[in-house]
Engineer: 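One structure coming up, written as structure tokens, with questions to follow.
For the single chain, residues carry numbers from 1 onward in sequence order.
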Amino acid sequence: LGQAYPAAADRSADPEWRLYIFERDGFSYFQINDLNGHVEAIIGKAGDTYWVLPAGESAVHVSAQASALPDHVVRVQIYRGSGFSLVRYGRGEGASWAVEVDS
């Protein structure tokens, strides 16, 4: 967890990102890296609770639900899990990540 190229399978649905999943003691951790191995974000999950770990080189915005965004913002699903998705809205430094929980 937190490494540029961890010994785990890439589970990303988007070829522009790498997603590594780790599990320990009933907790799941989702590490998102860019193609250069830089950690973008690490999201923890226990049951229906999600949180962001203080990791990565940039100040990334991650929310539990995407806030109102302009129509032109591109939504990219990085991962689809049981009951939730990890998505990215926008591109570049102004982009944000969201955990979207199925309703």
Side-chain angles (χ1 to χ4, degrees):
L1 188 64
Q3 296 180 358
Y5 301 101
D10 174 16
R11 305 278 305 273
S12 178
D14 183 335
E16 294 185 25
W17 297 96
R18 301 289 181 251
L19 175 76
Y20 305 102
I21 301 173
F22 304 92
E23 295 189 12
R24 183 174 182 183
D25 298 330
F27 296 95
S28 297
Y29 302 95
F30 302 86
Q31 177 177 317
I32 303 165
N33 287 16
D34 67 15
L35 296 179
N36 294 318
H38 299 111
V39 176
E40 181 82 359
I42 299 176
I43 300 165
K45 178 183 184 300
D48 293 333
T49 302
Y50 300 84
W51 65 95
V52 180
L53 278 74
E57 297 177 13
S58 59
V60 176
H61 180 263
V62 180
S63 66
Q65 281 294 123
S67 55
L69 296 166
D71 290 336
H72 67 278
V73 173
V74 176
R75 177 188 182 274
V76 178
Q77 182 173 290
I78 304 300
Y79 176 76
R80 172 90 179 116
S82 177
F84 74 101
S85 295
L86 298 177
V87 299
R88 182 173 170 97
Y89 286 91
R91 297 197 182 277
E93 291 183 22
S96 63
W97 293 92
V99 175
E100 295 182 348
V101 179
D102 296 346
S103 32

Engineer: Salt bridge check: are Arg88 and Glu40 linked by an N-O gap of less than 4.0 Å?
Structural biologist: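 A salt bridge links Arg88 with Glu40.
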Engineer: Has Gln31 got a side-chain atom pairing as donor or acceptor with Gly2's backbone, closer than 3.5 angstrom?
Structural biologist: yes
Engineer: Is Val74 reachable from Ile78 through a run of hydrophobic residues whose side-chain heavy atoms are each under 4.5 Å from the next?
Structural biologist: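 Same hydrophobic cluster.
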Engineer: Restricting to non-hydrogen atoms, name the atom on Leu19 and the atom on Asp10 that form the minimum distance, rounded to 0.1 Å.
Structural biologist: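 Reported closest heavy-atom pair: N-OD1, 3.0 Å.
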Engineer: Could you measure the distance from the OG1 atom of Thr49 to the CZ atom of Phe27? Nearest 0.5 Å is fine.
Structural biologist: 9.5 Å
Engineer: Restricting to non-hydrogen atoms, name the atom on Ile21 and the atom on Arg11 that form the minimum distance, rounded to 0.1 Å.
Structural biologist: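 Minimum heavy-atom separation between Ile21 and Arg11: CD1-NH1, 3.6 Å.
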Engineer: Using a 4.5 Å cut-off on heavy atoms from C-beta on, say whether the side chain of Leu86 contacts that of Val99.
Structural biologist: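 A side-chain contact exists here, since the closest heavy-atom pair is under 4.5 Å.
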Engineer: Aromatic rings Phe84 and Phe30: how do their planes relate, parallel, tilted or perpendicular, breaks at 30° and 60°?
Structural biologist: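 The arrangement is perpendicular - the two ring planes meet at more than 60°.
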Engineer: Determine yes or no for a side-chain-to-main-chain donor-acceptor pair under 3.5 angstrom, with Asn36 supplying the side chain and His38 the backbone.
Structural biologist: no
Engineer: Over all heavy atoms of both residues, which pair between Asn33 and Ala4 is shortest? Give the atoms and the distance, please.
Structural biologist: ND2-O, 2.8 Å
Engineer: Relative to the ring of Tyr29, is the ring of Trp51 parallel (under 30°), tilted (30 to 60°) or perpendicular (over 60°)?
Structural biologist: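 It falls in the perpendicular class, over 60°.
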Engineer: How about Arg80 and Ser85: does a side-chain donor come under 3.5 Å of a side-chain acceptor?
Structural biologist: yes
Engineer: Please report the interatomic distance CZ(Arg18) to CD1(Ile32), rounded to the nearest 0.5 Å.
Structural biologist: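 Reported value, rounded in 0.5 Å steps: 13.0 Å.
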Engineer: With sequence neighbours left out, what residues match Arg75 under salt bridge (Lys or Arg N to Asp or Glu O under 4.0 Å)?
Structural biologist: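 Checked Arg75 against salt bridge (Lys or Arg N to Asp or Glu O under 4.0 Å); matches are Glu100.
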Engineer: Check the pair Ile42, Val52 against side-chain contact (heavy atoms from CB on, under 4.5 Å), reporting the backbone distance first and the verdict last.
Structural biologist: CA-CA 6 Å; Ile42 299 176; Val52 180; over 6 Å; no
Engineer: Do you know which of Tyr50, Trp17, Tyr89 makes ring pair (Phe, Tyr, Trp, His ring centres under 6.0 Å) with Trp97?
Structural biologist: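 Testing Trp97 for a ring pair (Phe, Tyr, Trp, His ring centres under 6.0 Å) against Tyr50, Trp17, Tyr89 leaves exactly one candidate, Trp17.
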Engineer: Ignoring hydrogens and geometry, is there a side-chain-to-backbone donor-acceptor pair from Asp14 to Val87 under 3.5 Å?
Structural biologist: no
